[in-house]
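Here is the naming used below: chain letters follow the sequence lines, and residue numbers restart at 1 for every chain.
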Amino acid sequence: MSEETSLFHQRLEKLARLRELGADPYAIERFESTESAKELLDNYVEDKPVSFAGRIVAVRVMGKAMFAHLSDGETKIQLYIRKDDVGETAWEVAQLLDIGDHLGVEGKLFITKTGEKSIYVSTLTPLSKAFHNLPFGKEKDGERWYGLSDNEVRFRHRHLDLICNPDSRKLLLDRMRIVAAVRRFLDSRGYLEVETPLLQLEAGGAAARPFLTHYNAYDLEVKLRISLELYLKRIICGDVPKVYELGRVFRNEGVSNRHNPEFTLLEFYEAYSNLEDIMRLVEEMFRYVALEVFGSTKVVAGEVEIDFGPDWQRLDLLGTIAERASIPVESLSDLTTLKSALGGETVVNPKNGKRVDLQKEDHLGGLIEKLLEVFVEEDLIQPTFLIGYPLETSPLAKKDPNRPGFTRRFEGYIRGKEVCNAFSEINDPIDQRERFQDQLAQRAAGDDEAHPMDEDFLYALECGMPPTGGCGIGIDRMAMMLTGAETVRQVLLFPMMKPESGDSDEEDQP
RNA sequence: GAGACGAUAGCUCAGUCGGUAGAGCAACGCCCUUUUAAGGCGUGGGUCCUGGGUUCGAGCCCCAGUCGUCUCACCA
C-alpha cells in the first residue's frame with residue numbers, strides 16, 4: 001500500500017475513534033474565537049480566559065503533555081496541553097490530532113518557561129481532519145526549512161501555497177485589497193459600478209482574438225468579451241455620467257510572465273471630461289490605493305522604489321521617441337519620411353538589442369508604436385504618461401485638432417510596462433463610423449485583430465454622447481506594480497495551467 | 001511558436017564510472033508532564049514523469065512525448 005493510501009486509512013481510523021469519543025469534528029458547525037491570534041498575543045493578559053480556532057501547524061508531544069501551534073492563517077499561537085489538566089478523554093482526543101487538522105480550544109493565556117505567550121488548554125474541539133500530509137515547513141527565527149516550493153503545485157493547488165507560504169499569501173491578499181481599494185476610490189468619487197455582458201456577438205473595444213462559445217437556446221455562436229469599452233460608453237449615452245466596470249475579460253492569446261488569457265480589467269468613463277481629467281484621476285487612484293493597502297505612496301518593486309506621491313511625469317510620445325531614437329521629430333509625420341530617417345532595413349537599439357524590421361511595418365501608427373516599444377518603454381520606471389498616439393492604432397480615440405494623424409490619447413507606464421490606456425472618447429458618430437470602416441479595411445487586408453463594426457454602438461453615438469474621458473487599467477499589471485511581483489501568475493489565485501495529464505483533446509481528428 | 005534547463009518517497013533534495021533506491025522533515029510504534037527546526041530508539045513508505053531503444057544490466061546513455069521553470073517571440 002502506498003504511503004498516501006495508508007495515511008488516508010490511518011486518518012479515517014482516527015476520525016472513527018474521535019466519533020466514538022464524542023468529538024466528531026464534522027458534527028460541529030461553529031466555533032467562536034475571542035480574538036485573532038495576533039490580538040491574543042498583542043493584548044496578552046495573564047490568565048485571561050480565551051477560545052481560539054485554527055489549523056494545527058506544528059505538534060511536539062512530550063509524553064503526558066504536548067505543545068502545538070495553531071494558526072488562523074496569519075499568525076500562530078502555541079497551545080500547551082497536559083493530560084492531568086484536560087482528563088483522559090480529552091487527552092486521547094489530543095493524541096488523535098494531526099498537523100493540518102482544524103481545532104478549537106478553550107483555556108487561559110500564560111507564558112511558558114521559554115517565554116512564549118501560549119494558551120493553557122482546558123478543552124479541545126476538533127473541527128476538521130486533514131487526510132493528507134500538508135507540506136508545512138519548519139521555521140525558527142525567520143529561517144525556513146522544507147515547505148512547498150514547486151511552482152507547479154503552488155499554482156495547481158493554491159490552498160497549499162496560501163497555507164504554507166506567507167509571502168505568497170501576502171502577495172495574493174494584497175492584490176485583493178488593491179481591487180477593493182480601487183472600488184472604494186471610484187465609489188467615493190461618485191462613480192457607479194455597472195455590469196455588462198460577457199457573452200457578445202462581436203467582441204469589440206480592443207484588438208485581440210476572442211474565445212468562441214456556443215449558445216444552445218438560440219443556436220448561436222457567441223464570443224467572450226475582450227474589453228468593456230463599447231457597452232460602458234453606451235451607458236454614458238444613456239446619461240449615466242460616471243460609470244466603471246471592474247471585471248474579467250478574455251483574450252485568446254498565449255501565456256507569458258505578463259499575460260494570462262483571462263485577466264481583470266478596470267474601465268471607467270466620465271462624461272463632460274477629457275484626458276487631462278483622467279490623468280489626474282489615475283494619479284489620485286494609484287496614490288490612494290498605495291496608501292490604503294501599504295500605508296505609503298512609496299512601494300518597493302524589485303530593485304527600485306516607485307513613488308506614487310508626486311504627479312506622474314508627462315511626456316509627448318513623438319518628442320520622446322524622436323529623442324531616444326535620435327531622429328528629428330518632423331520625420332514622424334509620415335511613413336516614408338520616417339523610414340528614411342531611420343535608414344536601413346532594420347533599426348536596432350544598441351542599449352537593449354531590440355530591433356524593428358522596417359519592411360514589416362506598413363503604416364505609420366504601427367511603426368511609431370514599435371519604436372516606442374524598442375526605444376522608450378523600458379526606461380519609463382517611475383510613473384509616466386505618454387501622450388499623443390497615432391490615429392491608425394487608436395480607432396476609438398478623439399482626433400487631436402492640433403495634430404493631424406494623431407489622437408487625444410495617453411498611456412501610463414510604470415517599471416517599463418504599460419498599465420493604463422486612456423483617451424478623450426470619440427463622440428462624433430460620423431468620425432467613429434469612418435474609423436470602423438478603416439478597421440474593416442485592415443481586417444480585409446488580413447489583420448484578424450482589427451476592430452469589428454458595431455452598429456448598436458454607433459446608433460448610441462448617433463443619439464448623442466457628451467464629450468467623455470475614459471480609461472482602462474489592467475488590474476493584474478497594477479497589482480504587479482504595487483506589490484513588486486515579477487510575474488502575473490504571482491498575483492493570480494488560479495493562473496491558466498495546461499491539464500496535468502496532457503491527454504486533453506489536443507489531437508486533430510481528420 | 002523557439003531555445004536552455006528541470007521532473008527521484010507526502011515535502012525539500014542527494015544519487016559517483018551504467019551494477020540491489022538514499023537523507024532530513026512528515027507518517028507509524030515505543031520512551032519522555034514547559035517544548036519550540038524538541039529529543040532518543042525502532043518501523044513502514046518509490047510507476048526514479050510517460051513510451052520506446054541500446055545493454056548481461058538503465059534513475060543514469062539514445063530517441064520520441066507530457067508537464068513545468070527561465071529567456072526570447074507573440075500580445076497596442
Side-chain angles (χ1 to χ4, degrees), chain A residues 1-11 13-14 57-69 76 78-86 91 98-100 110-116 118 120 130-156 160 164 206-209 226-227 251-261 263 353-355 365-366 368-370 372-373 377 386 389-390 392-397 409 411 418 420-421 447 449-451 472 474 486-487 489 495 497-504 506:
Chain A
M1 195 190 297
S2 80
E3 177 80 21
E4 274 289 275
T5 316
S6 72
L7 183 77
F8 207 95
H9 280 99
Q10 285 164 11
R11 299 286 164 97
E13 282 164 17
K14 286 184 177 182
V57 297
V59 175
R60 293 174 295 281
V61 180
M62 307 280 303
K64 294 184 180 58
M66 66 187 283
F67 293 90
H69 272 102
K76 60 191 187 191
Q78 182 171 254
L79 309 180
Y80 179 52
I81 304 165
R82 280 170 59 109
K83 184 180 182 182
D84 290 351
D85 292 313
V86 296
W91 182 248
D98 290 296
I99 290 177
F110 82 115
I111 293 180
T112 62
K113 245 183 211 174
T114 46
E116 180 166 348
S118 309
Y120 200 116
F131 289 93
H132 298 281
N133 255 324
L134 268 53
F136 286 109
K138 297 251 176 181
E139 65 177 278
K140 186 188 185 181
D141 304 331
E143 266 194 286
R144 294 171 60 78
W145 290 262
Y146 317 116
L148 182 68
S149 68
D150 184 330
N151 278 337
E152 181 167 0
V153 178
R154 293 169 64 178
F155 294 151
R156 289 190 197 276
L160 295 176
C164 299
R209 274 189 291 278
I226 57 173
S227 164
R251 297 187 182 177
N252 209 335
E253 288 157 1
V255 169
S256 82
N257 274 349
R258 301 175 225 12
H259 299 85
N260 197 64
F263 64 97
K354 290 188 181 179
R355 56 183 60 223
I368 285 175
E369 295 217 0
K370 192 76 189 170
L372 159 66
E373 194 185 313
E377 255 182 22
L386 282 180
Y389 277 70
E392 296 99 319
T393 55
S394 314
L396 301 163
R409 170 180 166 198
E411 287 187 347
E418 179 199 336
C420 69
N421 177 22
D447 179 359
E449 295 190 354
H451 207 289
E486 294 297 327
T487 72
R489 290 181 155 201
M497 301 287 282
K498 281 197 190 180
E500 257 174 311
S501 56
D503 60 3
S504 62
E506 288 288 309

Measure the [atom1]-[atom2] distance between [X] and [Y] for me, rounded to the nearest 0.5 Å.
| X | Y | atom1 | atom2 | answer |
| --- | --- | --- | --- | --- |
| Arg258(A) | Glu486(A) | CZ | CD | 9.0 Å |
| Leu79(A) | Tyr120(A) | CG | OH | 13.0 Å |
| Glu369(A) | Glu373(A) | CD | CD | 9.0 Å |
| His132(A) | Asp98(A) | NE2 | CG | 12.5 Å |
| Arg82(A) | Lys64(A) | CZ | NZ | 11.5 Å |
| Phe155(A) | Leu160(A) | CZ | CG | 13.5 Å |

Under 3.5 Å for both donor-acceptor distances, Watson-Crick or wobble: does [N] have a partner, and if so which one?
| N | answer |
| --- | --- |
| rC61(B) | rG53(B) |
| rC48(B) | none |
| rG22(B) | rC13(B) |
| rA2(B) | rU71(B) |
| rA27(B) | rU43(B) |
| rA7(B) | rU66(B) |

Extract from the structure each pairing of a protein N or O with an N or O of nucleotides 70-73 of chain B at less than 3.5 Å, listing the distance.
residue, atom, partner, partner atom, Å
rU71(B), OP2, Asn257(A), ND2, 2.5

Mind checking [X] for me? I need base, sugar-phosphate or nothing, with any heavy atom below 4.0 Å counting as a touch.
| X | result |
| --- | --- |
| Arg156(A) | sugar-phosphate |
| Glu116(A) | base |
| Gly366(A) | nothing |
| Phe136(A) | nothing |

Which nucleotide, [options], lies nearest any side-chain atom of [X]?
| X | options | value |
| --- | --- | --- |
| Arg489(A) | rA26(B), rA76(B), rU69(B) | rU69(B) |
| Leu148(A) | rC11(B), rG68(B), rA76(B) | rC11(B) |
| Arg60(A) | rA76(B), rU12(B), rU35(B) | rU35(B) |

Using atom [atom1] of each nucleotide, how far apart are [N] and [M] to the nearest Å?
| N | M | atom1 | result |
| --- | --- | --- | --- |
| rG19(B) | rA58(B) | P | 11 Å |
| rU69(B) | rC62(B) | C1' | 25 Å |
| rU50(B) | rC67(B) | P | 15 Å |
| rG18(B) | rC30(B) | C1' | 42 Å |
| rG46(B) | rA14(B) | C1' | 15 Å |
| rG24(B) | rC61(B) | C1' | 31 Å |
| rA2(B) | rA21(B) | P | 37 Å |
| rG42(B) | rG6(B) | C1' | 37 Å |

ask   = With side chains defined as the heavy atoms from C-beta onward, is the minimum distance between Gln78(A) and Arg60(A) less than 4.5 Å?
value = yes
Quiz item: Below 4.5 Å, heavy atoms only, C-beta onward: do Pro261(A) and Asn252(A) meet side chain to side chain?
Solution: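 Pro261(A) vs Asn252(A): side chains apart.
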- Task: Between Arg251(A) and Arg11(A), just flag the one whose closest nucleotide in RNA chain B comes earlier from the 5' side.
- Result: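 Whichever sits nearer the 5' end wins; that is Arg11(A).
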Round to a whole Å and report the spacing from [atom1] of [X] to [atom2] of [N].
| X | N | atom1 | atom2 | value |
| --- | --- | --- | --- | --- |
| Asp150(A) | rC11(B) | CG | P | 8 Å |
| Ile99(A) | rC11(B) | CD1 | C1' | 12 Å |
| Leu160(A) | rU12(B) | CG | P | 10 Å |
| Asn133(A) | rG10(B) | CG | C1' | 5 Å |
| Arg154(A) | rU69(B) | CZ | P | 11 Å |
| Tyr389(A) | rA76(B) | OH | P | 13 Å |
| Phe155(A) | rC67(B) | CZ | P | 16 Å |
| His132(A) | rC28(B) | NE2 | C1' | 18 Å |

Hey, is the side chain of Lys14(A) poking within less than 4.0 Å of OP1 or OP2 on rC28(B), counting only N and O atoms? yes
Side-chain N or O of Thr393(A) closer than 4.0 Å to phosphate OP1/OP2 of rA76(B):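 Thr393(A) to rA76(B) OP1/OP2: no side-chain N or O under 4.0 Å.
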_Once you measure the plane-to-plane angle for Tyr80(A) and Phe110(A), does it fall in the parallel (<30°), tilted (30-60°) or perpendicular (>60°) bin?_
tilted
**OP:** Give a yes/no verdict on a cation-pi contact between Arg409(A) and Tyr389(A), requiring under 6.0 Å between NZ or CZ and the six-membered ring centre and an angle within 45° of the axis.
**Re:**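 Yes - Arg409(A) lies over the ring of Tyr389(A), closer than 6.0 Å to its centre and within 45° of its axis.
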List the steps, then state whether side-chain contact (heavy atoms from CB on, under 4.5 Å) holds for Val255(A) with Arg489(A). CA-CA 10 Å; Val255(A) 169; Arg489(A) 290 181 155 201; 3.9 Å; yes
- Arg355(A) atom CZ: more than 12 heavy-atom contacts under 6.0 Å: no
*Is any side-chain N or O of Gln78(A) under 3.5 Å from a base N or O of rU35(B), one able to act as donor and the other as acceptor?*
yes
Tabulate protein N/O versus nucleotide N/O from nucleotides 29-34 of chain B, keeping only pairs under 3.5 Å, one per line.
residue, atom, partner, partner atom, Å
rC32(B), N3, Gly63(A), N, 3.1
rU33(B), OP2, Lys64(A), N, 3.3
rU33(B), O2, Arg82(A), NE, 3.1
rU33(B), O2, Arg82(A), NH1, 2.9
rU33(B), O2, Arg82(A), NH2, 3.1
rU33(B), N3, Asp84(A), OD2, 2.9
rU33(B), O4, Asp84(A), OD1, 2.3
rU33(B), O4, Asp84(A), OD2, 2.2
rU34(B), O2', Lys113(A), NZ, 3.3
rU34(B), O2, Lys113(A), N, 2.6

